[in-house]
Amino acid sequence: MSYKTIYEQAQDSFVEKKSEFIGHIAPVKTSEEAVAFIEKIKAENRKARHNVYAYILRSENTSRYSDDGEPQGTGGIPVLDVLQKAGLTDVCVVVTRYFGGVLLGANGLVRAYSQGCKLAVNAARIMQMHECSRFEFSCDYNMYGKISYVLPDFQVIKEKEDFADVVNISVLVKAELCKAFREKITDISNGQIDLSEEPNLEADFA
C-alpha cells in the first residue's frame, strides 16, 4: 500500500492578463480539515473575486470541488484534474483569483486555474508514503560491514546507527520487502541477530 501526498502547506502565484492567481496547497486528512483550510484562505483573501478549490481524501474515498462563481467547469474540475494526474491524495488546493478587469474566456480560465494548481503542487514537498515496519537490532562491528552492504537492496530508511560496544541499528522497511529483509539478515548472520519488528507504520520513501 502506497500513496502520494504533501508534507506541508505551500503556495505560488502568477499573473494572467492583469488577474493574479494564487495557488495554495495543504495536507488534509478529513473533510473538516479541508473545509477549514478553504475558509482560512477565503478569510485571508477577502478582496479576491474567486477562491476555486478541490480536495481529495483517501480515508473517506472522497473528492470535492467548487468553481466559486466562475463559469461551470472552468475552475474546480481543472484543479481536481491536476491533483488526480499528479497522483496526490489527502490534499486540498485553493486557487485564489484577484480579477484584473480582463475576461479570460472559458478556455483561458481552465488554463489559468490548472496553472495555479500546478504551481502550488510544484511548490510543495511531495511524499511517497508506504506501509512499513521498523526493525531494530544489534550486531558486532564485523557483522555491521556485511549488513550495511545489503541494506541498499531493501531501500531502507536508516533511523539510527548507534556505535557503542556493538552497533545498534533501526531501519524502516517497506511492508512488501519485510519478509525478504528478515530472511536476508537471518541468513548473513547465521541466525545470530535478534530482529524486533514494529509493523503497520507509514513513512515517506520519496
Side-chain angles (χ1 to χ4, degrees), residues 1-12 23-37 40-41 55-62 82-94 117-206:
M1 183 276 298
S2 68
Y3 63 95
K4 282 167 68 175
T5 188
I6 66 163
Y7 179 65
E8 62 187 356
Q9 187 174 333
Q11 71 178 61
D12 201 353
H24 317 263
I25 190 168
V28 292
K29 292 286 191 183
T30 64
S31 295
E32 289 78 13
E33 288 183 14
V35 171
F37 176 65
K40 172 176 172 282
I41 298 302
Y55 61 86
I56 301 175
L57 301 173
R58 194 169 53 98
S59 63
E60 299 173 24
N61 196 22
T62 297
V82 170
L83 293 179
Q84 290 173 333
K85 285 179 178 173
L88 291 171
T89 189
D90 287 347
V91 290
C92 180
V93 167
V94 182
C117 184
K118 286 175 184 175
L119 286 175
V121 169
N122 290 341
R125 180 183 139 195
I126 305 295
M127 298 195 300
Q128 185 71 53
M129 303 299 291
H130 283 264
E131 183 179 349
C132 63
S133 289
R134 174 180 291 112
F135 285 93
E136 295 184 337
F137 56 95
S138 301
C139 64
D140 63 30
Y141 281 82
N142 289 333
M143 186 58 62
Y144 172 73
K146 295 180 182 178
I147 288 172
S148 61
Y149 181 76
V150 302
L151 288 182
D153 295 343
F154 296 92
Q155 306 162 37
V156 306
I157 295 174
K158 290 183 182 179
E159 287 192 313
K160 181 184 75 173
E161 285 186 326
D162 178 25
F163 298 93
D165 293 339
V166 294
V167 185
N168 299 302
I169 299 171
S170 175
V171 293
L172 297 175
V173 181
K174 294 177 184 177
E176 62 269 23
L177 297 176
C178 285
K179 183 173 182 287
F181 176 78
R182 181 181 284 279
E183 290 173 351
K184 186 68 175 180
I185 298 301
T186 300
D187 179 49
I188 63 177
S189 70
N190 293 318
Q192 297 302 303
I193 289 179
D194 182 25
L195 288 169
S196 76
E197 180 180 359
E198 182 183 355
N200 304 318
L201 304 176
E202 282 188 353
D204 174 20
F205 282 80

* Smallest separation among heavy atoms of Leu57 and Thr30, with atom names -> CD1-C, 3.5 Å
* How close do Ser133 and Glu197 get, heavy atom to heavy atom, and via which atoms? -> OG-OE2, 2.8 Å
* Structure fact -> salt bridge (Lys or Arg N to Asp or Glu O under 4.0 Å) filter on Arg58, not counting sequence neighbours, yields Asp90, Glu202
* To do: Please check if atom NZ in Lys160 has more than 12 non-hydrogen atoms from other residues, nucleotides or ligands closer than 6.0 Å.
  => yes
* **Pairs touching residues 119-128 that satisfy side chain to side chain donor-acceptor pair (under 3.5 Å), sequence neighbours left out** => Arg125-Asp204
* Looking at residues at least two apart in the chain, or sitting in another chain, which of them share a side-chain hydrogen bond (donor to acceptor under 3.5 Å, both in side chains) with Gln192? -> none
* Those residues that, when tested against Ala124, pass side chain to side chain contact (heavy atoms under 4.5 Å, CB included) (two or more places apart) -> Ile6, Ala10, Ile25
Could you pull out every donor-acceptor pair under 3.5 Å between side chains of residues 162-178 and any protein atom, sequence neighbours left out?
unit_1	atom_1	unit_2	atom_2	d
Asn168	OD1	Ser138	OG	2.5
Ser170	OG	Glu159	OE1	3.1
Lys174	NZ	Gln155	OE1	2.7

* Set of residues satisfying side chain to side chain contact (heavy atoms under 4.5 Å, CB included) with respect to Gln11, sequence neighbours excluded -> Ile22, His24
* Asked: Does the side chain of Phe137 reach to within under 4.5 Å of the side chain of Ser189, using non-hydrogen atoms?
  -> no
* Taking all heavy atoms of Ser148 and all of Pro152, pick out the closest pair and write down the distance. => O-CD, 3.4 Å
* Structure fact -> salt bridge (Lys or Arg N to Asp or Glu O under 4.0 Å) filter on Glu198, not counting sequence neighbours, yields Arg134
* **Test salt bridge (Lys or Arg N to Asp or Glu O under 4.0 Å) applied to Glu161 - qualifying residues, sequence neighbours left out** => Lys158
* To do: With sequence neighbours excluded, tell me which residues meet side-chain hydrogen bond (donor to acceptor under 3.5 Å, both in side chains) with Lys40.
  => Glu44
* Structure fact -> Residue pairs meeting ring pair (Phe, Tyr, Trp, His ring centres under 6.0 Å), one or both in residues 174-198, sequence neighbours left out, come to Phe135-Phe181, Phe154-Phe181
* Asked: Is it true that a side-chain atom of Lys4 and a backbone atom of Ala86 form a donor plus acceptor pair closer than 3.5 Å?
  -> yes
* Structure fact -> Between Ala123 and Asp12, the two heavy atoms sitting closest are CB-CB, 4.4 Å
* To do: Kindly write out the residues that satisfy side-chain hydrogen bond (donor to acceptor under 3.5 Å, both in side chains) with Ser31, not counting sequence neighbours, or none if the list is empty.
  => Glu60
* Going by heavy atoms in the side chains, are Val91 and Val121 under 4.5 Å from each other? -> no
* To do: Take atom OH of Tyr141 as the centre, draw a 6.0 Å sphere, and report whether it contains more than 12 heavy atoms from other residues, nucleotides or ligands.
  => yes
* **Polar side-chain atom of Thr5 near backbone of Met127 as donor-acceptor pair, under 3.5 Å** => no
* **Residues in salt bridge (Lys or Arg N to Asp or Glu O under 4.0 Å) contact with Lys85, at least two apart in sequence or another chain** => Asp81
* Asked: Below 4.5 Å, heavy atoms only, C-beta onward: do Val93 and Val82 meet side chain to side chain?
  -> no
